[in-house]
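Since this is a predicted model, take the numbers as computed values, not measurements.
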Amino acid sequence: MSSIEEGPSEAVALEAQQIHTDVYLDRGYIQPEELREDGIYIDEYTPRSEPILVKLGAKETTVRIIHADKKNGMLSLPTPKHFAIDTAALKEVAHVSRLADIGWRDVVELSGLASIRLADDATTEEKFDATRQAYAAGLRHSLDQGHALWVMNVDNKLMKFLELTLGKDSYTQIGEKQEYMGPATTPIALNPQDIVKSILLDQTSRFGEANREDISLAMQGVSEKHLSRTLIKLLKDNDIETTKNSVASKLWMNKKAALYGSIVGYSALRFLPVMAVEQFHGSVAAFAGIDIATAVTQVGSMELFFSGKNRAVRTLGALGTGASFAAPYAYFWANGEDYPPYVNAIAGGFVAIGVGIEASKTRTDIKVRHGLETTDLPTA
C-alpha cells in the first residue's frame, strides 16, 4: 500500500524533517549541535521548501522542493549558489537563449532525499519504488507550477538511480564534482516536461513500465496551463486526463509567444503616433509594415546572438538585432523634415526605452552568469 503526502501540512512537514534529520545525522552530513531543541534539523532553505513524503510498505521516503526567492532568483538555491555552473548547459536544459529568461519562479531545487526503514522486513524494492514515486510526485507538482528547470547536486549512486527511473538522458551535468555537505557531488539540471516525455516514450529500459505507471498515476488531472502542445498530446495518448485552460491563459504563459507579443505590441506603440505627425511624408502603412516585420526579425536575431554556436553566428545575430531595431526609425527620419522638438523627443524616448530594456537584461545576464560560474566549494 502506497501513499503520497505533500505540504503545506504541518504534520507532513515535521515528519519529513525528522526523516531528513535522522538520515543526515547517520551519514555524518550534519552534527548533533546543529539541531533545534526538539531534535529537528532546519536550514536556511526550510522556510521556502515543500516536502514530499511517500509511505510504501515498511519504507518512508522524503524529498523536498526548494523554491528560489525573488531577490536572488536561482542564485538563492543551494546548487547554483555554491557550485561552479556551466551556464551554456543550463540554458540548453531550460530551453532559453539567455539567463535573464529564467525567472525566479521557473527554477526549483530537489534536495534532502532520505529514506528510513519502519520494520525489519522492509525490502530494497520498497525503497526503490518509494523514491521513484517521490520524484513522480515532484514532477506533477512542477508541471502544475510551470517549473522549467530542476537543479540538484547528486552522488554517483543517486545519479545511477535517476538514470533508471527518469531515463538515461533525463539530466545534464552542469558542472564538475565538488565537496558539499559530505561526499563530493555533481551538479545536474533537468527539465520537468522533458523528463515526463522521456518516461512516457521509453519502451526499452528495465524499469520503463513501472516508471510509466507511476507517472501516469501522478499526472492524472495535471493542468495544461504550462504544458507544451506536444506533451499534452502525449499525455492524452497515454490515457492521462488533463485539466484544460483557456487559450488566453496558455498564450500568456508561453514565454516565446509572450516575447513576440510584447515586441509587436511595443512596435504598435511606435507606429500609431506617426499617423498624427504632419511633417511625416512617408507611408504610414509602409512604416507599420517595417515596424512589425523588424520586430519579429529582432527577436530571431536576439536568439542567434545569445545562443549562437560560434562567434560568426553571434555576430550575425548582433548585426540583425541592431538593424531590426534601427530600421523603422531610419525610415521615419528619412521620410520627414522639420520635425518639432517634441516629436524628436518622443522618438528618441522610444529608442532610449528599447536600449534601456536591453541594457537591463544584459546586466542581469552578466550578474547571474558571474554568480553561477563562481564557487565557494573545494574541487573534488
Donor-acceptor contact below 3.5 Å, side chain [X] vs main chain [Y]:
X: Thr375; Y: His82; result: yes
X: Thr243; Y: Gly221; result: yes
X: Thr62; Y: Ile52; result: yes
X: Gln17; Y: Ile40; result: no
X: Gln279; Y: Glu337; result: no
X: Gln193; Y: Ser228; result: yes
X: Asp69; Y: Asn72; result: yes
X: Gln173; Y: Thr186; result: no
X: Ser360; Y: Gly356; result: no

Do [X] and [Y] have side-chain N/O donor and acceptor atoms under 3.5 Å apart?
X: His281; Y: Asn335; value: no
X: Thr46; Y: Asp43; value: yes
X: Asp129; Y: Gln133; value: no
X: His226; Y: Gln145; value: no
X: Thr61; Y: Ser115; value: yes
X: Ser198; Y: Ser170; value: no

Does [X] pair with [Y] as a salt bridge, N-O distance under 4.0 Å?
X: Lys157; Y: Asp155; answer: no
X: Glu15; Y: Lys55; answer: yes
X: Lys236; Y: Glu224; answer: yes

Distance check, rounded to the nearest 0.5 Å: [X] atom [atom1] versus [Y] atom [atom2]?
X: Asp26; Y: Ile116; atom1: CG; atom2: CD1; result: 11.5 Å
X: Leu113; Y: Thr131; atom1: CG; atom2: OG1; result: 5.5 Å
X: Arg27; Y: Leu25; atom1: CZ; atom2: CG; result: 11.5 Å
X: Met159; Y: Ile188; atom1: CE; atom2: CD1; result: 6.0 Å
X: Ile30; Y: Leu35; atom1: CD1; atom2: CG; result: 5.5 Å
X: Lys91; Y: Ile174; atom1: NZ; atom2: CD1; result: 13.5 Å

How about [X] and [Y]: do any of their side-chain heavy atoms sit closer than 4.5 Å?
X: Val196; Y: Leu235; answer: yes
X: Ser76; Y: Arg48; answer: yes
X: Leu110; Y: Ile65; answer: yes
X: Tyr135; Y: Leu162; answer: yes
X: Arg132; Y: Val54; answer: no
X: Ile240; Y: Leu200; answer: yes
X: Leu227; Y: Leu143; answer: yes
X: Ser111; Y: Tyr45; answer: no

#### Entry: Step-by-step side chain to side chain contact (heavy atoms under 4.5 Å, CB included) determination, Asn191 to Trp150
CA-CA 6 Å; Asn191 185 303; Trp150 278 10; over 6 Å; no
Which heavy-atom pair separates [X] from [Y] by the least distance, and what is that distance?
X: Ala327; Y: Thr294; value: CB-CG2, 3.8 Å
X: Lys177; Y: Ala184; value: CG-CB, 3.4 Å
X: Leu90; Y: Ala189; value: CD1-CB, 4.0 Å
X: Ala94; Y: Ile102; value: CB-CD1, 4.0 Å
X: Glu163; Y: Tyr171; value: OE2-OH, 2.7 Å
X: Ala136; Y: Ala218; value: O-CB, 3.7 Å

When the ring planes of [X] and [Y] are compared, do they come out parallel, tilted or perpendicular, using 30° and 60° as the limits?
X: Phe332; Y: Phe280; value: parallel
X: Tyr41; Y: His20; value: perpendicular
X: Tyr331; Y: Phe287; value: tilted
X: Phe325; Y: Tyr329; value: tilted

Is [X] linked to [Y] within one hydrophobic cluster, defined over Ile, Leu, Val, Met, Phe, Trp and Tyr using a side-chain heavy-atom separation of less than 4.5 Å?
X: Ile232; Y: Leu201; answer: yes
X: Ile199; Y: Leu158; answer: yes
X: Tyr29; Y: Leu77; answer: yes
X: Ile42; Y: Met181; answer: no
X: Met152; Y: Trp104; answer: no

[X] atom [atom1], over 12 foreign heavy atoms within 6.0 Å:
X: Glu176; atom1: CD; value: no
X: Glu37; atom1: CD; value: no
X: Glu209; atom1: CD; value: no
X: Lys367; atom1: NZ; value: no

### Query
Going through the distances and angles, do Lys81 and Glu109 end up as a salt bridge (charged side-chain N to carboxylate O under 4.0 Å, His left out)?
CA-CA 11 Å; Lys81 179 179 179 180; Glu109 177 151 350; over 6 Å; no
#### Entry: Derivation of the side chain to side chain contact (heavy atoms under 4.5 Å, CB included) call for His95 and Asp194
CA-CA 10 Å; His95 303 312; Asp194 288 350; 2.8 Å; yes
### Message
Which residues pass the salt bridge (Lys or Arg N to Asp or Glu O under 4.0 Å) test with Asp144, not counting sequence neighbours?
### Response
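Residues passing salt bridge (Lys or Arg N to Asp or Glu O under 4.0 Å) with Asp144: Arg140.
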### Query
Could you walk me through whether Phe83 and Tyr180 pass the ring-ring contact (aromatic ring centres under 6.0 Å, His included) check?
CA-CA 9 Å; Phe83 285 76; Tyr180 178 65; 5.7 Å; yes
### Task
For the pair Val93 and Leu149, evaluate side chain to side chain contact (heavy atoms under 4.5 Å, CB included) and give the outcome as yes or no after the intermediate values.
CA-CA 7 Å; Val93 176; Leu149 190 65; 3.7 Å; yes
